[in-house]
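All of these numbers come straight from a predicted model, not from anything done at the bench. This chain uses plain numbering: 1 for the first residue, then up along the sequence.
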Amino acid sequence: MAREAVGRPPEETLSLWKREQALLRARVVTRDTEAWQRDPGFSGLRRVGGVDVSFVKGDSVSACASLVVLSYPELEVVYEDCHMVSLTAPYVSGFLAFRELPFLVDAVQRLREEEPQLMPQVLLVDGNGVLHHQGFGVACHLGVLTGLPCIGVAKKLLQVDGLENNARHKEKIRLLQAGGDTFPLMGDSGAILGMALKSHDHSTKPLYVSVGHKVSLEAAVRLTRSCCRFRIPEPVRQVGGPPGGWTSAHHLPIPCFRQADIRSRDYIRRTLGGPRPPAPGQERSRKLQKPEVCPKGGSEEHTG
C-alpha cells in the first residue's frame, strides 16, 4: 500500500518558511569567490559534487538521499553516500528545500567529518537557485547552510517573474544549435535569473542553470557544460532516479559502475527488495578507490 506524506502545511508554517527564506536569501553570494572559478579551464578544481533525493514509486514518505563526489575533469566517482530516509514534509511548490534539505545537509556533514579530503569544491543541485519564486531555491538554501558553492540545474523551466514555457520560449530553444549554446532567462523585472543551456549536441531540451551560492552565472554555466557527457551533467545524473520514480523491486543490470543513477537504483532495490525493508537511516557511504569507467559511446542514450 502506498504511503502518503502529511498534507499541506498550515498557513502559519508557510509564513515561517517564507521568513526563513527571506533571512537566508540576504546571505547568498552571486559572484565568484574561488580562484578556480575565474580560470577559463577551471585550473585548481579537483572535486565536483552532486546531490538529489529520489523517491520510491507509490510511496511519498520513503526516499533515498544521495551525495556523490566526482573527480574533475575526469568525472569519475570517488565517493558516494546513499541513505534511506522518511520524509516528514509534503512537496509544496517554492518550498522544496524544507522537504529535502535536512537530509542533504546531513550527507554533506557526514562527508566533512569522515572524509574531509574528499569534500567537493562545488555542488550541482537538481533544482533551482535564484530562479525561484522567492529568489531562494534549494541550491541557494544548500549553499548558504553548507558554505559550499552551489549551482542549480533544473530540467524544466520554473515559470516565475513572467517567464513562461510559451511559443516564444520554444522558438528560442529551437535556435540553440550546438552544445554550449545559451540564452538568458530574463524576467519581467529585468533581472536575469538564469540561463537556458543546450548541454549536448544531441539534446533537444535545454537545462535551466541558475546561481545557488558563491559562484557567478557565467562560471555556473561553463562548469555545467563541462560536466556534461550526455544531456544531464554527471554529478546530477549520478544521483538522479529514473523517470517515474523508483520501484521497490527494480531489477536492472549494472553495465558500468559510473552510472550512479543505476547504482542508487540498485541500492533501493537491494534495501527495499530484500526480506525486510530497511529502517530510515540505513546507509551506504564509502570512498571509491578505482571506479570502473564506462567506455565512450556506452549504452546510455542521449537524453533529449
Please list every donor-acceptor pair under 3.5 Å in which a side-chain atom of residues 13-25 meets a protein atom from a residue at least two apart or in another chain.
{"from": "Ser15", "atom 1": "OG", "to": "Glu11", "atom 2": "O", "distance (Å)": "3.1"}
{"from": "Gln21", "atom 1": "NE2", "to": "Gly94", "atom 2": "O", "distance (Å)": "3.0"}
{"from": "Arg25", "atom 1": "NH1", "to": "Gln134", "atom 2": "O", "distance (Å)": "2.5"}

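- Under the 3.5 Å distance criterion, the side-chain polar atoms of Thr146 are matched with a main-chain donor or acceptor of Leu148.
- At a threshold of 4.5 Å between non-hydrogen side-chain atoms, the residues Gln121 and Arg46 count as touching.
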Which donor-acceptor pairs under 3.5 Å do side chains of residues 208-217 form with protein atoms, sequence neighbours excluded?
{"from": "Tyr208", "atom 1": "OH", "to": "His169", "atom 2": "NE2", "distance (Å)": "2.8"}
{"from": "Ser210", "atom 1": "OG", "to": "Gly129", "atom 2": "N", "distance (Å)": "2.8"}
{"from": "His213", "atom 1": "ND1", "to": "Val29", "atom 2": "N", "distance (Å)": "3.1"}
{"from": "Lys214", "atom 1": "NZ", "to": "Gly147", "atom 2": "O", "distance (Å)": "3.0"}
{"from": "Ser216", "atom 1": "OG", "to": "Asp32", "atom 2": "OD1", "distance (Å)": "3.0"}
{"from": "Ser216", "atom 1": "OG", "to": "Asp32", "atom 2": "OD2", "distance (Å)": "3.0"}
{"from": "Ser216", "atom 1": "OG", "to": "Ala219", "atom 2": "N", "distance (Å)": "3.1"}

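- A continuous path of Ile, Leu, Val, Met, Phe, Trp and Tyr side chains, each step under 4.5 Å between heavy atoms, connects Val69 with Leu104, placing both in one hydrophobic cluster.
- Between His141 and Phe136, the gap from one ring centroid to the other is short of 6.0 Å.
- Under 3.5 Å, the side chains of Arg110 and His83 contain a donor-acceptor pair of N or O atoms.
- Sorted by first and then second residue, the pairs that involve residues 167-181 and meet salt bridge (charged side-chain N to carboxylate O under 4.0 Å, His left out), not counting sequence neighbours, are Glu171-Arg174.
- Note that the CG atom of Leu197 and the SG atom of Cys228 stand 6.5 Å from one another [nearest 0.5 Å].
- Residue pairs that meet the salt bridge (charged side-chain N to carboxylate O under 4.0 Å, His left out) test with at least one member in residues 182-203, sequence neighbours left out, do not exist here.
- The closest side-chain heavy-atom distance from Ser226 to Phe42 is below 4.5 Å.
- Of all heavy-atom pairs spanning Ala97 and Pro102, the tightest one is O-CD, 3.7 Å.
- Legend: residues meeting side chain to side chain donor-acceptor pair (under 3.5 Å) with Glu218, ordered by chain and number and at least two apart, are Arg222.
- Pairing each heavy atom of Pro206 with each of Leu176, the nearest pair is CB-CD1, 4.3 Å.
- Pairs engaging residues 155-167 under the salt bridge (charged side-chain N to carboxylate O under 4.0 Å, His left out) rule: Asp126-Lys155 [sequence neighbours left out].
- Considering only heavy atoms from C-beta on, Val122 comes within 4.5 Å of Trp36 through its side chain.
- A distance-only check finds no donor-acceptor pair linking the side chain of Ser43 to the backbone of Asp39 [under 3.5 Å].
- With hydrogens and angles disregarded, a donor-acceptor distance shorter than 3.5 Å links the side chain of Ser199 to the backbone of Arg231.
- At least one donor-acceptor pair closer than 3.5 Å links the side chain of Gln159 to the backbone N or O of Asn165.
- Within the 4.5 Å cutoff, side-chain heavy atoms of Tyr72 are placed close to those of Leu223.
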